[in-house]
Number of protein chains: 2
Amino acid sequence: MPETARRTDRFSGTRYGNRPTMKDVAARAGVGLKTVSRVVNGEPGVTPETERRVQEAIDALGFRRNDSARVLRKGRTASIGLVLEDLADPFYGPLSRAVEEVARAHGALLINGSSAEDPDREQELALALCARRVDGLVIIPAGDDHRYLEPEVKAGVATVFVDRPAGRIDADVVLSDNFGGARSGVAHLIAHGHRRIGFIGDMPRIHTAAERLRGYRAAMEDAGIPVEDSWMSLGVTDPERVRRAAEDMLTGPAPVTAIFAGNNRVTVTVVRVLAEQSRRVAFVGFDDIELADLLQPGVTVVAQDAAALGRTAAERLFRQLDGELIAPERIELPTRLITRGSGELPPAD
Amino acid sequence: MPETARRTDRFSGTRYGNRPTMKDVAARAGVGLKTVSRVVNGEPGVTPETERRVQEAIDALGFRRNDSARVLRKGRTASIGLVLEDLADPFYGPLSRAVEEVARAHGALLINGSSAEDPDREQELALALCARRVDGLVIIPAGDDHRYLEPEVKAGVATVFVDRPAGRIDADVVLSDNFGGARSGVAHLIAHGHRRIGFIGDMPRIHTAAERLRGYRAAMEDAGIPVEDSWMSLGVTDPERVRRAAEDMLTGPAPVTAIFAGNNRVTVTVVRVLAEQSRRVAFVGFDDIELADLLQPGVTVVAQDAAALGRTAAERLFRQLDGELIAPERIELPTRLITRGSGELPPAD
DNA sequence: CGCGCACATGACAACGTTGTCCAGGCTCTA
DNA sequence: TAGAGCCTGGACAACGTTGTCATGTGCGCG
């Protein structure tokens, strides 16, 4: 296909298909190319009369500056990338929104994508964003080896990891206190008399899941309670299997009297299972969920502040971009135990 | 500042600051620029031996193709823009995710931003995305005049509106059946014996809100019930004022025996208020909410399929981009009444 | 043995913008 | 009134990539 046919588009008749350029605007306004550039960018050195003529041509032609060319020339894109696990997860909504707000305050756009917890997809996405020359990256890691980002970081791409630490690379990280949060949640159950406490969480290869498991173990150990394997379910998140795991813990010779859930998705399923039980089983979940206060009993949770995670990470990112030469740091945000009833039930055995 | 100093960055020591280009790779591999381009793009006509040498240079230098330059040359960005109202709203999470999935299937990235229900911000965002030369736009309109997009559409930017119709421009629109859904929800309450039914919704300038209000009125009229002004609250969404509106309807000489909520945010607040009442008040809400089945009573809702909205819109967008010459169309997706208890309560007066 | 042909490779222009630099016209002052 | 200085505006190169086209090499076949 000849080069000149490239721009033909699917439209017929009056549709243009070719966008006007500064050159076109300049021709129409009867001025030089650079003068148009000056007007578009609000640079000084143009008489009001010239500016008016240029502006008129811009409006008439429907000119819009081509930022690709601008980026190519200037080196900065004024956009940042966000790689997260799942846009549809209610936990990440406020986080992305917070990142977006900070980006907006700095005049940057947000490009984002979901890794679906797949390390390859995370890498593919992150590198695609780098190819677009985003100024910075906020990453919620799916994988545990981020050496593939080394050339990017060296080339000046600001990078901050959120929610989970980076693997094999020295970078800023913003985390919740998963260990401490889980520990205090489980300790809360213990303080209310429980000893046989179940734990249902995600795969321990996910850092947050591992930390929360560690918190569970620590609380149990603090209280001198040996943990039985049958009390723990690791690596299940789909509703069906979580349901079965919960039911298993609640039956048998020495059933648990309380359950600690490792994340919001597990929580909603376990809460459903517990609602079906005749026996009252205590419950504490990691991550807050909507309407938790309206259930009977209210759902006690260890809440993390997703928006604060996103905001902190993004601010850190722009501090890197603003040239504040800061050594990579690990920032840990506190969690908050919210008691609503389910975690204060006494053991029923 | 001299042009050559432009690339100095905040890093010291071994940091590079300059990204290698194809030229650098070519020099290192001892081949021509175009050969590198061929290897990077997997074009034929390169001997395995040459390809190996080039690949080696690429890895050694940490080269990553600059997509800005590529876009400038090729005209297509392989990215689409999504302008929505609030990323943090649980309704839009699945919608964005669906758009993203379709984009991914077509090899495109997603750039998105929240308009925060502000028409100016919507326009600013949409135009910024156009300046980046996104191939297409999915817009959840905040404003009601989209003529500002005319030059873009003419220039070939595929455009689809979702959730609410476009204003003053002829374009594809994907909507839920807001009118029919609300009408059936209210009819459901009427069928259970209610006559004094309250409606709490968003500002009628928002299309979805207006349609749902219209559905409410239609259902009431179908049943021959004159609507009292005091039964309707329009334009309030913040929890405090929704709470007051609901409480007002429930007091006075002829209190409502049922409430219909116009969206998910109103629903969560009204459900809270109703939980505090001694009297049982029937309730139906527009939009499904998580854990609605676990509340006492379960929350009856008119559910729309957010993911389907996003998927349909995105698919439509790519059909435009794939050159299927299709006249703008209005697609309406059905809603579904999910009965869980709250909508089946009899009037208590 | 020579001709043409296929194939690998590279030189070069172009994409649309911005930074640099220079020209021309103006004002102000000596 | 001439020279200095300022202000406006334009010519031109460069950003990194890809499409086009030309070149060179080696091979098969008549």
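Quick note on labels: first sequence line is chain A, next is B, and so on, each numbered from 1.
Legend: residues meeting salt bridge (charged side-chain N to carboxylate O under 4.0 Å, His left out) with A:Arg52, ordered by chain and number and at least two apart, are A:Glu49, A:Glu56. Residues satisfying the side chain to side chain donor-acceptor pair (under 3.5 Å) criterion with A:Arg38, sequence neighbours excluded, are absent altogether. Under the salt bridge (charged side-chain N to carboxylate O under 4.0 Å, His left out) criterion, A:Arg104 pairs with B:Glu124, not counting sequence neighbours.
Taking atom CG of B:Asn66 as the reference point, atom C1' of C:dG16 lies 14 Å away to the nearest angstrom. Atoms CG (B:Asp67) and C1' (D:dT18) sit 13 Å apart, rounded to a whole Å. Atom pair B:Lys74:NZ and D:dT18:C1' shows a separation of 7 Å (rounding to whole Å applied). The separation between A:Arg19 atom CZ and C:dT17 atom P is 10 Å, rounded to whole Å. As rounded to whole Å, 11 Å separates atom P of C:dC15 from atom CG of A:Asp24. Remark: P of C:dT9 and NZ of B:Lys23 are 21 Å apart, rounded to the nearest angstrom. Rounding to whole angstrom units, CZ of residue B:Arg76 and C1' of D:dG19 are separated by 18 Å. We find that CG of B:Leu72 is positioned 13 Å from C1' of D:dG19, with the value rounded to whole Å.
The residue B:Asn41 sits close only to the backbone: its heavy atoms come under 4.0 Å of sugar-phosphate atoms, none of a base. The residue A:Ser37 sits close to a base: some heavy atom pair falls under 4.0 Å. Residue B:Val46 is in sugar-phosphate contact alone, with no base atom involved, counting any heavy-atom pair closer than 4.0 Å across all strands shown. Using a 4.0 Å heavy-atom distance criterion, B:Thr50 is classed as a sugar-phosphate-only contact.
Salt bridge annotation for B:Glu150-A:Arg64: absent, with no cationic side-chain nitrogen under 4.0 angstrom from a carboxylate oxygen. With respect to the salt-bridge test (charged N to carboxylate O, under 4.0 angstrom), the residues A:Asp67 and B:Arg133 do not qualify.
Two residues are said to be in side-chain contact when any heavy atoms from C-beta on lie closer than 4.5 Å; A:Gln123 and A:Leu127 meet this criterion. Under the 4.5 Å side-chain criterion, counting only non-hydrogen atoms from C-beta, A:Leu61 is in contact with A:Val25. Between B:Val157 and B:Leu137, the closest side-chain pair of non-hydrogen atoms falls below 4.5 Å.
Below 30°, between 30° and 60°, or above 60°: for A:Phe161 and A:His146 the angle between ring planes is above 60°, a perpendicular geometry.
Out of C:dT9, D:dT17, C:dT17, the shortest distance to the side chain of B:Ala69 is found at D:dT17. In this structure, of C:dG19, C:dT9, D:dG16, it is C:dG19 that holds the atom nearest to the side chain of A:Arg73. For B:Thr47, whose side chain is taken as the heavy atoms from C-beta onward, the closest listed nucleotide among C:dG16, C:dA8, C:dT18 is C:dA8.
No side-chain N or O of A:Arg132 forms a donor-acceptor pair with one of B:Asn66 less than 3.5 Å apart.
Side-chain atoms of A:Asp145 come within 3.5 Å of backbone N or O of A:Arg147 as a donor-acceptor pair. B:Glu122 places a side-chain N or O within 3.5 Å of a backbone atom of B:Gly143 that can act as its donor or acceptor partner.
For DNA chain D, no neighbouring residue in residues 124-136 of chain A is found when judged by any heavy atom under 4.0 Å. Applying a 4.0 Å cut-off to non-hydrogen atoms, the residues of residues 26-36 of chain A that approach DNA chain C are A:Leu33, A:Lys34, listed by residue number.
In terms of phosphate contacts, A:Arg70 brings no side-chain nitrogen or oxygen within less than 4.0 Å of OP1 or OP2 of D:dC15.
Consecutive Watson-Crick or G-U pairing (both distances under 3.5 Å) extending over three or more pairs maps onto DNA chain C as C:1-30 with D:1-30.
Below the 3.5 angstrom threshold, one finds a donor paired with an acceptor across the side chain of B:Arg38 and the base of C:dG10.
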